[in-house]
Protein chains: 2
Amino acid sequence: MKTPKISEAVIRRLPVYLRYLQHLRDLNITTVSSHELGQNLDMNPAQIRKDLAYFGEFGRKGIGYDVQYLIEKIKQILKLDRRLNVALVGAGNLGTALSNYNRYTNEKLKIVAIFDSFEEKIGTQVGTLEVLPIELLPKMVKELDIKMGIITVPATEAQKVADQMVDAGIKGILNFAPVILKVPLDIPVRNADVTTELESLAYYVD
Amino acid sequence: MKTPKISEAVIRRLPVYLRYLQHLRDLNITTVSSHELGQNLDMNPAQIRKDLAYFGEFGRKGIGYDVQYLIEKIKQILKLDRRLNVALVGAGNLGTALSNYNRYTNEKLKIVAIFDSFEEKIGTQVGTLEVLPIELLPKMVKELDIKMGIITVPATEAQKVADQMVDAGIKGILNFAPVILKVPLDIPVRNADVTTELESLAYYVD
DNA sequence: TAGATTGTTAATCGATTAACAATC
DNA sequence: TAGATTGTTAATCGATTAACAATC
């Protein structure tokens, strides 16, 4: 094991670094310093160096970081170098919107199945995927080796869906419903509730 | 000023408390202890008490907190007791989905205008709102006293939209585009990028 | 009164930042 | 070589948790 215990804060910054590095690569920039990264991402350069140093020595003293190399390394750390299949439950407006994100997303990380419990939704087409009945979740998780789940159902349904996901063997959940989900300790959950975000912003406004 | 300097972490927890308290109220529960809250929200009771104590003495020793009273107090703190108008820019799939959140959202916090720069979108109906050309943003911000903005445009457009929002006088931004926005220090920004969330979850999965 | 629970201080824990030797 | 920048240790800063007197 190379990793001691990395804090969640560190892990959450890695995708931000990754995104900006990919942007630099698109601009044909081959080398970048922690100072430049810090300037553009509004972060402390020491923090960036420290974050990266948890996982190895990726830079060169006096030079900086090779953009392409660092991209590859961060992808390895985040396990974005291998296929990661995602299930989405809740084929409403938000679910449909997110399923279109597939295109922008890293090609290794993909929504491969969409579920709903609402009779009328089932069988409808969302992008290239057909909405399946939630009952098929366990079967599809096994068949497609689905590792993560996105919850875009109403708050009242969210806990039930989370339970079903966990039972089916899903290992991580991105939850858009405004509830705190009860899941086993080893299943990470990210909450992405829009109302909560807006309400906390309200404090600073006016 | 009652408030010294409250950390963002505290402010971000308040909407979570609020939501659960509203849930308790719906269940006709009138009193709750920090211990019970902690159990249900997966938080430390001392933290909850401390968070609330920054703003006043809302509980009763030996008893706990009055649910209805605490709801009102938190709403006051977050300024959710007054009207807060929001503009959304980017009438794509995600923007459309979010505008429907209007219904679930606190009635005081409302999306009151939707903008896009794409010719074909302008004039189309999203819920009860007509999509307006982005050029009208400054005018509408003034007319409707809009305080916050939601950005749901592609990454390439996001900075430009943020600049336009700031120029128009918007005081807080919820950004769904995968970029770090450059805005004046006094304008709070929340990033709610789905890809970033999923990528950081990937680390913990499998 | 005895039991419960707050508000708050003190202790702990963890994360961020500064500083600098190593080195390209 | 001189200048730049990393990796890493030490210092600082801030946030969380424990503990407990006050009190309902």
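Each chain gets a letter, A, B and so on, in the order the sequences are listed, and its residues count up from 1.
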Assess whether salt bridge (Lys or Arg N to Asp or Glu O under 4.0 Å) is satisfied between A:K147 and A:D145, documenting all intermediate values. CA-CA 6 Å; A:K147 290 279 171 51; A:D145 189 31; 3.6 Å; yes
For the residue pair [Y] / [X], report whether a side-chain donor-acceptor contact shorter than 3.5 Å exists.
X      : Y      : answer
B:E72  : B:Q76  : no
B:D186 : A:Y204 : no
A:Q22  : A:D26  : no
A:R49  : A:S34  : yes

Consecutive-pair stems (3 or more, Watson-Crick or G-U, under 3.5 Å) for DNA chain C: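 In DNA chain C, stems of three or more pairs: C:3-24 with D:3-24.
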At a 4.0 Å cut-off to heavy atoms of chain A, the contacted part of DNA chain C spans C:dA15 to C:dC24
From the list B:R19, B:R190, B:R12, salt bridge (Lys or Arg N to Asp or Glu O under 4.0 Å) partner of A:D193 resolves to B:R19
Ring-face cation contact, A:F55 with A:K73, 6.0 Å cut, 45° max: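 No, cation not above the ring by the 6.0 Å, 45° rule.
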In a check of side chain to side chain contact (heavy atoms under 4.5 Å, CB included) between B:D51 and each of B:V10, B:I74, B:I11, which one passes? B:V10
Would you mind telling me which of A:M140, A:K121, A:K139 makes a side chain to side chain contact (heavy atoms under 4.5 Å, CB included) with A:L132?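 Between A:L132 and the candidates, side chain to side chain contact (heavy atoms under 4.5 Å, CB included) is satisfied uniquely by A:M140.
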Give, ordered by number, those residues of residues 27-52 of chain A having at least one heavy-atom distance below 4.0 Å to an atom of DNA chain D; if nothing qualifies, reply none.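 Result for residues 27-52 of chain A: A:S33, A:S34, A:R49, A:K50, sorted by number.
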Before giving the answer on side chain to side chain contact (heavy atoms under 4.5 Å, CB included), spell out for A:V89 and A:D116 the whole-Å C-alpha distance, their side-chain angles and the decisive distance to 0.1 Å. CA-CA 6 Å; A:V89 179; A:D116 206 300; over 6 Å; no
